[in-house]
Amino acid sequence: MSRYGAELKELWPLEPDMIFLNHGSYGAAPKQVLSEQANWQRQLESQPCQFINVVAPRAIRDAAGMLANFIGTHGEDTVFVENTTSGLNAVLQSIPFGSGDEIVISDHIYNATRNTVKFVADPAGARIVVADIGLPVADEDQIFNAVMAAVTPATRLILIDHIASITAVVFPVARIAAAARQRGIPVLVDGAHAPGMLDLDVCSLGVDWYVGNCHKWLCAPKGSAFLWADAARQNGLHPTVISHDMNKGFTFEFDKIGTRDASAWLSVPAAISLHEDLGGTHLRKYCHNVAVAEGRALAKRWGTQTGASDDLFGTMATVRMPGSLPPDRAISERLKTWLWVEKRAEIHIMPFAGAFWVRLSVAPYTTPEECRAVGPLIEAALEALATEA
Ligand SMILES: Cc1ncc(COP(=O)(O)O)c(C=O)c1O
């Protein structure tokens, strides 16, 4: 029997009487990591001035160095941000787009990220070009070809996911970055899901900026994410909130923005240690294996298909739902509400590419049995909706 799944549940403060299959949305922090965060908060409140002025700046750099080690970057090029949304905003709002410039994104992009791109593109008169990848994804060529087909001589930026939220598909980031580099186009990666899900080595990807969450698959406290920028891209890169250390250098400017509680960032090393203690690569492999095996079993039960081949999934897998309901967000919200209220089950469902897709999220504490409950639960939800209608 695996030492993952049920045996690890007690490490998390998650309610025992629910089926929690949506680690992907916001992550979940283990008790040990939360207690480390509480220690930092106690230190802060016991000596507010010393802590904020002297202790925190050093501790933040130490924590950034440990994170850098884990994600394959260097501490001096890595800063903490509150979440992926704020890191992506910082990069996008720092690029001087002009009229006629094109920004390539894909149809798998996260909604908040799409909004941010629109927020910077519209006033500049820049054009957003959407690479149409679709779902299911047969192989990485489908992603690569769609993204590169969207590139023109006017492309000023390619913004891609490392792992897409709606579809759970892992993008061939290094391959896209190599092709972009040949054309002189910078690449920004939304890696919200990557730390703790993939064997991440950011510097080897050949991209220009990389943003990722620590609170999802690394299980750090909420409010911990990072922005890495290639040394050549740091000049002119500013946080969205300007504070004391404006223009003093990349790490200074991001490390201290007004008065804030850095305890989530300072607990990232504890989250990394726990992740490694639980097996690191081995743990990620367990989660991947359960996600793809249970995803395939669910597709078989429903006579449908998974969103991609096994090698294009990390620790999440998408499966097309049965039935012919119109793929409308209001319906997926009703199904999710019914699952929570009637069954205390947290299951992610999204409409995409003309169908509804269920996303299985497999975290260290997730059991295959919980994944197997998804089939009957979704079928019951669909039946309840049909009766209501
Ligand atoms: C692909 C992707 N990008 C960005 C985000 C935004 O992350 P956050 O809410 O931490 O800013 C998410 C969150 O789920 C995501 O999945």
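Indexing begins at 1, ligand by ligand and atom by atom, following the structure's order. One-based numbering along the sequence shown.
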**Study point:** Heavy-atom donor-acceptor pair, Thr315 side chain to Cys287 backbone, under 3.5 Å
**Key:** no
Point to revise | Contacting atoms of ligand 1, where contact means under 4.0 angstrom from a heavy atom of His215 | key: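 Selected atoms, number and element: 10 (O).
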Exercise for review: Output the list of atoms in ligand 1 that are nearer than 4.0 Å to some heavy atom of Asn83, sorted by atom number.
Suggested key: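 What qualifies from ligand 1 is 8 (P), 10 (O), 11 (O).
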Review point. Which one holds for Asn213 and ligand 1: side chain close, backbone close, both close, or neither close, with close meaning a heavy atom under 4.0 Å?
Key: side chain
Check your understanding: Heavy-atom contacts under 4.0 Å between Leu88 and ligand 1: side chain, backbone, both, or neither?
Key -> neither
Check your understanding: In the protein, which heavy atom is nearest to atom 9 (O) of ligand 1, and how far is it?
Key ->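 So the nearest neighbour among protein heavy atoms is Thr85 OG1, 3.9 Å.
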Revision key, fill the gap. Nearest non-hydrogen protein atom to atom 16 (O) of ligand 1, with distance, is His193 NE2, 2.8 Å
Check your understanding: Does a donor on one side chain and an acceptor on the other come within less than 3.5 Å for Glu76 and Thr251?
Key -> no
Check your understanding: Is there any N or O on Asp190 that sits under 3.5 Å from an N or O of ligand 1?
Key ->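 N/O-N/O distance under 3.5 Å: yes.
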Practice item. Could you establish whether Lys216 and ligand 1 come within less than 4.0 Å of each other, counting only heavy atoms on the residue side? Key: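 So Lys216 counts as touching ligand 1.
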Check your understanding: Can you find a non-hydrogen atom of His162 under 4.0 Å from ligand 1?
Key ->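 No, His162 has no heavy atoms under 4.0 Å from ligand 1.
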Practice item. For atom 1 (C) of ligand 1, state which one of Asp161, Val81, Thr84, Thr113 supplies the nearest heavy atom. Key: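 The option holding the nearest heavy atom is Asp161.
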Which side-chain N or O atoms in residues 48-57 pair as donor and acceptor under 3.5 Å with protein atoms at least two apart or in another chain?
residue : atom : partner : partner atom : Å
Asn53   : ND2  : Cys49   : O            : 3.3

Review point. Could you give all pairs that pass the ring pair (Phe, Tyr, Trp, His ring centres under 6.0 Å) test and reach residues 348-386, with sequence neighbours left out?
Key: Trp12-Tyr365, His23-Tyr365, His108-Phe352
**Study point:** His238 ring center within less than 6.0 Å of Phe254 ring center
**Key:**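 Between His238 and Phe254, which both carry aromatic rings, the centre distance is not below 6.0 Å.
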Practice item. Kindly state whether the ring of Tyr286 and the ring of Tyr4 have centres lying under 6.0 angstrom apart. Key: yes
**Study point:** side chain to side chain contact (heavy atoms under 4.5 Å, CB included) partner of Ser94, chosen from Asn89, Leu237, Thr240
**Key:**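 Going through the options one by one, the only one that passes is Leu237.
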